[in-house]
Each structure stands twice: as C-alpha cells, then as structure tokens.
Amino acid sequence: MDQTTCIRSKVDLNSAHQINTGDPEGMFQALWNLPEQCAEAFKIATKFSQPNDYKNVHAVIISGLGGSAIGGDLLRVCVANKSTVPVIVNRDYTLPAFVGEQILVIAVSYSGNTEETLSAYAMAQKNGAKIIALTSGGKLKELAMRDGVPVVTVPGGLQPRAATSYLFIPALVIMAELGFIPTVNDEISNLITEMQGLREQYQPEMPIADNLAKQIAQKLFNKTPLIWGSCSTTEVAAIRWKGQINENSKSAAYWNNFPELNHNEIVGFEMPEALLKNLEVIILRDEADHERVKQRMEITKSIIEGKVSGITEVFSKGTSLLTRLYSLNYIGDYASIYLALLYGVNPTPVKMIDLLKNELMKIKS
Ligand code: PA5
C-alpha cells in the first residue's frame, strides 16, 4: 500500500467517527441495504403483470440516463448469452427508427422527471411500441397512468445510483416472465445471500488492512482512475465504477474495455508522460472473460507498467455472472465512497447534475 497517499488526506479510514461524519446523508447505509433492496425489488417485480401480447416483441430497449441506465447495461450483459431477443440500452432523447409495435421499450427514470427519458417515452408512444414505465413517480408515472401504460413503481427517496437494484431486478424478472430468458428466481436468491457475505468485508468498521475497498480508495486518491473491463462481462462494472467515482467522489475517471482498447488506447501510452504518471489503472476481471482477452490483459499490463502510477486488478466473486458483476459493482461503490471521504467531500449530492437540469429548465425546448 502506498502510504504517501494516506498521509496526504486528512481523513483516516480507520476512524469510524471520521467515516460517519463524512457521510451525513447515509450512502454507506444505502450500500449496506443492497441485499434487502434486491429482495424488495424482486417482490415488487413478481407482483407486476405485463400484458400478454408483450411476449411477441422482437427486442427490448431500456431507455434511461445515468443511474437509471446502468441497470440496463447490467441487464444487457447478464442476459446476452441466453436471451431470445436483443436488449439495447438507449441513453438519448430519441429512439432508433426501427422502434414500433414489435418492440418493448422499458422507460426507466428513478425520479420520473428526466427530460431525455420523457422524450423517448413520447416517441415510443407515438410509434406504437409496447411500453413499461419503471420509476418511483414523477411525470413518467403520471404520463404512463394517463396513457394506460403498465408501471412498475419502486420506492423513492434514494439517489438514483443507490437504487440500481430497484431499476434492474424488475427488468430482469420481466424478461423471464415474458419467456425471453429462463427463470431467474434462484439466481436472485443466491445473489442476495452472496451480497450479504460481501458487505461485511467492505463495511466502514472493517480496518484498512482487511478492507479491499478502502485500499483501492487510497490508491485512487489524487490519481486519475482509468477503469478497464472486458466486453460481454465486466464492461458494465467499468462503466459503473467510472460513474460512481464521478458522482460519489467528485473525481474525474475514465473507462474502456478489452479487446477494443488494444486497438487504439494502448497506442496512447507514450504521451504526455506527466499525465500518464498520474493514471491509476484498475482492471476488472472475471472468470468468463474470453481466453484471448485474459492473454491480452497480461500483455497490456507489461506494456503500461512503469508508465502509469499503478495497476490494480480486481477479481469478481460469486457463483453466477449476475453475482460476479454485482460483486465488482459493490466493491467499486464502496471504494468510491471511501475516496469521497479521503477528498473530504460529501458522497451524496450531485450539484453539477442539478445545476445542469435547472439551467435547462430555464431554456424552452
Ligand atoms: O445519478 C444520478 O443522479 C444521475 O445519473 C441520474 O440518474 C440521471 O440524471 C437521470 O435521472 P433519473 O435517474 O431520475 O432519471
């Protein structure tokens, strides 16, 4: 462990008092509650029934932004090797031109007020698509109820990024209920049990020496995190880590994936040297990574070693791809909050997102 990074922060991650004071709005509590959130999300999902003709669609589009879109990425990756229909994640005001009555659009907005999602919802309606709204309320719920569109209502009061399971598990269960993938009941039940085991390892009371999330936060402190995943597996965790470091730690962070990065990004590890020296590279690894990707990771490490500040590999844990991806997201979530504390920032507020939304509201579209 690089002790100099510890020394530069005023916060001691072994101090329960400092950790509690640094997280006044309870991000750690929200993380601790993840297994319970999964259980509740599953209960909500099983109570929801979708119209029978939704079974006939040819593709599923998850339309949302930020914390409401990441569940779509998780869905896309988790079902890729078993779904009979493609899952596409749409982060935009518009939907692709092929969207019509043969397509199911799941419009996801935790607040229910995200303008891009509302615009995509309107387009889905106009094009006659099958629609489900997944939200805690807001305008999306209002419109869906007006239009007779089925709504999955999840509990409000969280930051969208802390509500991922509420926004992901119902979509996963809907995929199974519609017959696009086999039942996921056992997988979700194992996920809950395995996450209960993991949270003990990353919780604030666990000292730095035994807490990988705290150790990672220390490595990332005052560095530019570059998170690498693998296409078809850990890519989704790389996206999640980047977003969580941005929003919780208020830090710049970037992501890419294998094998694509071997065809461009790797060439850029020559200049500018000072910037490269500040990069802390995190490689997220999973047993299901393609064998050639595993070899690529080894060669890539040897190419960038010495040019960057450091390279850390984080291995997924769990009995299914679903749990393994959750395990990577979980440690990344914890690490991003510890990093926020090292920087002395409150992990909860996202002032820049609020500012942007407020400025846009002042401008007529
Ligand atoms: O994490 C966040 O707060 C954002 O990324 C939001 O999720 C994003 O702005 C979209 O808002 P909502 O999730 O309410 O649709």
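No experiment lies behind these values; they were computed from the predicted model shown. In listed order, ligands and their atoms are each counted from 1.
A salt bridge is defined here as a Lys NZ or Arg NE, NH1 or NH2 lying under 4.0 Å from an Asp or Glu carboxylate O, and R296 with E291 fails to meet this definition. A salt bridge is absent between D289 and K294; no separation between the charged side-chain nitrogens and carboxylate oxygens falls under 4.0 Å.
Looking at W255, Y254, F258 one by one, the single match for ring-ring contact (aromatic ring centres under 6.0 Å, His included) with W228 turns out to be F258.
In terms of protein heavy-atom proximity, atom 13 (O) of ligand 1 is nearest to S68 OG, 2.5 Å. Remark: minimum distance from atom 2 (C) of ligand 1 to any protein heavy atom is reached at E247 OE1, 3.0 Å. Of the protein's non-hydrogen atoms, the one nearest atom 14 (O) of ligand 1 is S111 OG, 2.6 Å.
Annotation for ligand 1: atoms under 4.0 Å from non-hydrogen atoms of K357 are 8 (C), 9 (O), 10 (C), 11 (O). The atoms of ligand 1 that sit less than 4.0 Å from any heavy atom of G66 are 5 (O), 7 (O). Under a 4.0 Å criterion applied to the non-hydrogen atoms of L65, ligand 1 contributes the atoms 7 (O), 8 (C), 10 (C). When each atom of ligand 1 is checked for a heavy atom of S109 under 4.0 Å away, the hits are 12 (P), 14 (O), 15 (O).
Judged by distance alone, the side chain of Q18 and the main-chain N or O of D12 form a donor-acceptor pair under 3.5 Å. A donor-acceptor pair under 3.5 Å links the side-chain atoms of N14 to the main chain of I208, judged by distance alone. Looking only at distances, a side-chain donor or acceptor of K214 sits under 3.5 Å from a matching main-chain atom of M206.
Considering L356, T114, T164 only, the shortest heavy-atom separation from atom 11 (O) of ligand 1 involves T114. Among G71, G64, G67, the residue whose heavy atom lies nearest to atom 5 (O) of ligand 1 is G67.
Not a single heavy atom of T117 sits under 4.0 Å from any atom of ligand 1.
Here F28 and Y338 bring their ring centres to under 6.0 angstrom of each other.
Shown here for D23 and L341, the closest heavy-atom pair between the two residues is N-CD2, 4.2 Å.
For ligand 1, none of its N or O atoms has an N or O atom of I353 under 3.5 Å away.
Only side-chain heavy atoms of P160 come within less than 4.0 Å of ligand 1; its backbone N, CA, C and O stay farther off.
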